[in-house]
Every structure is written in C-alpha cells, then in structure tokens.
2 protein chains.
Amino acid sequence: MTVTIYDVAREANVSMATVSRVVNGNPNVKPSTRKKVLATIERLGYRPNAVARGLASKKTTTVGAIIPDISNIFFSELARGIEDIATMYKYNIILSNSDSKKENELQLINTMLEKQVDGILFMGGNITDEHIQQFKTSSVPVVLAATYDSSNEIPSVNIDYELAGYEATKDLIENNNNQQPAIVISVPDAPVNKLKYEGYLRALEESNIEFSEELVITVDYSYDGGITAAEKLLELEALPSSVFVTFDEVAIGVIHGFQDRGYNVPEDIQVFGFDNTKLAKMVRPTLSTVVQPMYDIGAVAMRLLTKYMNKEEVTDKNVVLPHRLEKRNSTTSN
Amino acid sequence: MTVTIYDVAREANVSMATVSRVVNGNPNVKPSTRKKVLATIERLGYRPNAVARGLASKKTTTVGAIIPDISNIFFSELARGIEDIATMYKYNIILSNSDSKKENELQLINTMLEKQVDGILFMGGNITDEHIQQFKTSSVPVVLAATYDSSNEIPSVNIDYELAGYEATKDLIENNNNQQPAIVISVPDAPVNKLKYEGYLRALEESNIEFSEELVITVDYSYDGGITAAEKLLELEALPSSVFVTFDEVAIGVIHGFQDRGYNVPEDIQVFGFDNTKLAKMVRPTLSTVVQPMYDIGAVAMRLLTKYMNKEEVTDKNVVLPHRLEKRNSTTSN
DNA sequence: GTGAAAGCGCTAACAA
DNA sequence: TTGTTAGCGCTTTCAC
C-alpha cells in the first residue's frame, strides 16, 4: 500500500539506513548513491512517516498552542505570530481553545503531552499553582505568551501591563485637568488586567486625585460589554471627562454606546483603549490605545520556545516587549 | 524515565495487552483487574504515548486544517467552528496558514500527510487541477470549507454565493429606483468571489439595467482597500446610490472612506456587505450584509470530515448551508 | 560510506 | 478474561 523506507531501500539496492541518511540530509552518503536514492524516492512517491520518525527519534517537530479563543481578534493575531515563526523553524502547531477555563487548560496540556509535542505555548487568564505544577513537571518546555505568572517561574513573553495602564491613565489625567478618568475592566480576575488596574491606581495617586470607586466599571469582555459600560457611565451623576477601557473591542462598544445616545467622543468623553487590535483604526473616531504587539508576542514566544527545545542558552527567560501609546481621535479634539 | 505501558503491566502484574485494554476502554476486562490497573496507572503517572499508538493503530486522531490566514476574522471564526466539533469528536487540529498561495497549500498538504493526519480540512482561494489531483490521491479524506471547487469532486461546505450576490444586489436595486449598484470586489480570481459577481450581474440583467463597467471596482481585501474603493467611487462623474461590497471588512472601509470625506451612509450612498463578521455590528451605521455562517461552515465541514474518517455513509457530499440578508442601517435611512 | 539490527511504545490478532 | 507475539516505519548505534 503505502511505500515505506524499506521499499525505497530495496528498489535502490541500498539499506534502509542509507535511505534514512539521505532523507535526513546526513552528509555521510556518497553523492552517487544519494542521487540514486533520491531518484527512487521520487519514482515511488515515497513520503516519510512522521509518526514513525517521531517514535524512533522522540521528536515530533510539533508544538502545542493552548489559546483562550482563536476567534478573538487579539488571540488570532497572536496565533499568527506563533505560526509564522513555527513554520520558519519547521514546527507544526496543534492549536486548541480553552475558553480560559482551568479545567480545559489542564486537560489540554495533558493531551498535548500525550501527543508528544516538543514544547507548549500557553495563553490563558489565571495561572494557578496547579498550572505551575503541571508546567514544571512537564517533560517539554513551556512558554507563556501574553499571560502573566506572578511567580516568574515559567518563561514568558509579555509587555509591562502595569506601566501601560499607568501611562494611558496619566495621559488621560493630563489632558483632562486632573480629573479622574473612569476605567472599564473586563475579566478582572486575570492578572494582566489587575496589573492594568494597578497602573491606573498608581497614576491617580501620583496626581493626588481622590479616588472614586464608582468610576470603576466592570463588564463583559465584549463589544456589548462596552455598550453596557457606556450606559452605566451615563447613569452617574456627572459624566467623567474620560475613560480608560482595558480592551479595544470593549472600547469600541463604549464609543458606540455613547454615540448611540447622542454623546460625542471625544468632546463629551475621551476614550482610551488597550491592545491596538486592527479594530482601533476601524472606528470613528479612531481609537487611541495602548499598542500591545500581539503578533510579536506570539513570534517572540515561539522563538523562545525553540531555544528551549534546542537546549540553547536563554539569557532572558521573562521577556518584556515594549509598548507605546498611540494617540488617535478618540482622545484628541481637533 | 518516562513510564510506559510496560512499566504499568509489570507493576500491576498483568500483561501489557490488559493495560492497553483498560486504557482503551475495552470491556473485556474483569472489573477487579481494571481497578488494579487504573490504580497503578494513577500511581505511576502513566500517560499513553499517542505517537506510538498512532504508529501501531494507523490513526492519529489529528486532522490538518489549512487556512489562508488565521488572523483574518472570517477565518478565525471558521476555525473556531472546526475546533469545537473536532474537540467533540476527540480530534486535535494541526493548523497552518497558507496565505492562499498555491505553493504553500500544496506543501502544507504534503506535510499534513507526512504527519499522518486522519483527514484534512482545506480552505483556500483557487482550487487548481493540481489541488484536485493531490486531494484525490490523498490517503485520507479531504473536505473543503468555504472554498469552491467547480468540479464538485471534493466534498465541501459552502453557501450559495451566486444566489447571495444576486439577492444582495437585487435588494439594492429595488431600494434605489432601479439604479445600478456599484460593486467592490476583492480577490477577484477566487471562484467564490466570481460567483458573487455573477449573482450581481444576474440581478442587473433581470432588472434590465444597462451595465456600466466603471461601477465595478477592484481593491485589496482589507479595510484600507475599502477606503480606496470609496475614493474611486467618488471620482466617478456621478456617485451611484448604492454599493455592494463583497467582504465586510472592506465594506467598513468603504463606509469610513465616504464618511471621512463628508458623505453620509446611507443617505448619499447605501452600502451592503458580505459575511456578517462581528465587525458588521461594530460600525456606525451598522452594516447591512449577507449572513454567511462561518462558524457553522467550519463546524459542518468538520462533522462531514468525521463521517468520511469513520467511513460512515455520506448522503450530501457538497453541503450548501443557508444564508440570508441582514438589513441594518447602512441601507436603511430612518 | 554503508549495512545489520535493536529498539521507540503501542495495537491487534491469535492463543489460551 | 488474559497473555503472547508480531509488527507499525523509522532512527540510531555499532560494525565493517
């Protein structure tokens, strides 16, 4: 049926070891026999069986990627970064969605390990001790992408969320006469979001702004969550002059929530987002936001993982990529 | 090092065959020995090696998904549909991006086959004879998702693109005093887009509208492409009263292109999109569009693939899912 | 530069 | 109900 290395060996009058050498680019093969082998491979349409190879070599050139939700624009960009670098290094990706549920995550890690992946790229919300435990006892390296582990035990690639939150808030404060910006938080339990909030608080503190709790709004991580947030903000006695929204998609909902009720952004209220997904340029007014380089995070995380898989030396185990503020029209009246 | 089925067998005083039976849920095991085996599996932390299993059983419970670009919101929704059904049937997905390049596509198919996937889900633009050839000689089933193969030889899941294009155009014609809507096309060589265009032409014909070629605009498949399209439209002697844009993302660019130049949608020009990605509700005015059920296409395609993989009988090899028009504010002055 | 042979960890007859 | 024994298709010593 399927043609094996053994068939090729027989047809080419060499041993299977030689065929294996040719297939794997081992230099210890006489050019003439290499040519002969290559010819019969071509003739028979031989295609190496990666599963058999994996069993014999204990390497599958496959890595597992556990991601909350690939249909989320943030993660799909991240995934693209991962994929591109993986391809560059000849790895394939087994991609699975966890919906950020611990149970799914732990289960998926196990499945990936069963499939003998050479490494795991993990994206998630909350890293629990159980996660850490599983990562540390894993037989293959694990790298976290856009996922914060406060213990810093697991290699990771992130931006400085606290600083980013601080800077965005600071910008809003400075442009609004030292008034407290509101903040719209989603998935408040996820450490990265806590960090954004901490940055927000630090900025308030530094500007000696008296903190009003009612300006902290928690809503779903969704466009509709943003609409809801706008409604909540409009129910307050006084509309704050600005709002920091911790996800672009939610921020766009906030903008439209205001606009649909006759308010103008940025005139009535300025809106600052977070992530710089491509959505940020696809609204009117365009969204000022914190640039988080999703693609790069994915790419760098994958690169880092290859280093671990190849047992290369790693100097920087917890990579912090630069971020910046991109000011657009949702904060700038012009 | 790693604990194998053999270790478990020894520790539990049974043969590896029995352990295998327990692991695979084979009922021919006495409950007491099953319990004993399970206990030692637990105790030793045994984790079955899927690669060895794959080699022995010739099944990997892994399917390959070849997708143009996972960071595209359309495909990422599709991918989610695929993934969810795959999980339901205990399959894992190897996901790869092709950027719709034939060379990559062919290469990826080959890689997937080397990895011994049990089936392939293919999404792409142009299906050439070479593709068909490779699919037909593939040792595992292949299903196309949102990808048109005019020969209908390969199993597929689609909507009726021609009809959808026809209906959208028809709607625009009827709401605009029989004037020819413009059409903005991206990736014109892809058969699905040709079909949309054919539907457009049929609608014109049916309404006895004299066809003006200058109302056919071709731009990149991107938001910026939409901006460009709006510019091109504004360069015409007379602005058409409506435009059918064959992708939502481009349509949103078109809307903003007009708005940024002081024109109003739908008052100055109506805009109709295609796909109903979640972007459609995230613009103002909200986008009227053809609802293409991406998630369902992915899910149904994966389900279809499982049928082929299990050698179940398939009654409907080329599935055509229903679509509909979702009228929103980009075509309805209110 | 090439070949022989022993696994890799498991499944699946076939026996018992 | 359980065990024995071939492989699955390849890599990788170790000889020659």
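Chain letters run A, B, ... following the sequence lines, proteins first, then strands; residues in each count from 1.
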> Is the CD atom of Glu103(A) crowded by more than 12 outside heavy atoms at less than 6.0 Å?
Replying inline: no
In numerical order, the residues of residues 15-27 of chain A whose heavy atoms come under 4.0 Å of DNA chain D are Met16(A), Ala17(A), Ser20(A), Asn24(A)
(Q) Closer than 3.5 angstrom, by distance alone: can the side chain of Asn24(A) be matched with the main-chain N or O of Asn26(A) as a donor-acceptor pair? (A) no
Exercise for the section: Assess whether atom CG of Asn152(A) is packed by more than 12 heavy atoms of other residues, nucleotides or ligands within 6.0 Å. Expected result: yes
Taken to the nearest whole Å, CD/Glu114(A) to C1'/dC10(C) is 13 Å
| request: Please confirm whether the backbone N or O of Arg43(A) pairs with a side-chain atom of Thr40(A), one donor and one acceptor, at under 3.5 Å? | output: no
The first and last nucleotides of DNA chain D lying within contact of chain A, meaning any atom under 4.0 Å from one of its heavy atoms, run from dG9(D) to dT12(D)
For Tyr6(A), the side chain to side chain donor-acceptor pair (under 3.5 Å) test, sequence neighbours excluded, returns none
Is there a donor-acceptor contact under 3.5 Å from the side chain of Ser100(A) to the main chain of Pro68(A)? no
Taken to the nearest 0.5 Å, the spacing of Met88(B) CE from Asp84(B) CG works out to 6.5 Å
Contact check, residues 38-49 of chain B vs DNA chain D, heavy-atom distance under 4.0 Å, returns none
(message) I'd like to know if the side chain of Glu83(A) and the backbone of Asn97(B) have a donor-acceptor N/O pair within less than 3.5 Å.
(response) yes
**Item:** Sidechain-backbone polar pair: Lys102(B) side chain, His131(B) backbone, donor-acceptor under 3.5 Å
**Value:** no
Within residues 50-60 of chain B, the residues having a heavy atom closer than 4.0 Å to DNA chain D are Leu55(B), Ala56(B), Lys58(B)
Checklist line | Salt bridge flag under 4.0 Å for residues Arg80(A) and Asp99(B) | finding: yes
Using modelled atom types and a 3.5 Å cut-off, is there a donor and acceptor pairing between side-chain atoms of Asn318(B) and backbone atoms of Ile154(B)? yes
With distance as the sole test, does Ser98(B) use its side chain to make a donor-acceptor pair with the main-chain N or O of Ile66(B) at under 3.5 Å? no
Atom NZ of Lys317(B) with >12 non-hydrogen neighbours under 6.0 angstrom
yes
Residues in residues 4-12 of chain B with a heavy atom under 4.0 Å of DNA chain D, by number, are none
inquiry  = Using a 3.5 Å distance criterion without hydrogens, assess whether the side chain of Asp118(B) forms a donor-acceptor pair with backbone atoms of Thr61(B).
reply    = yes
Output for pair (Leu95(A) CG, Leu121(A) CG), nearest 0.5 Å, gives 10.0 Å
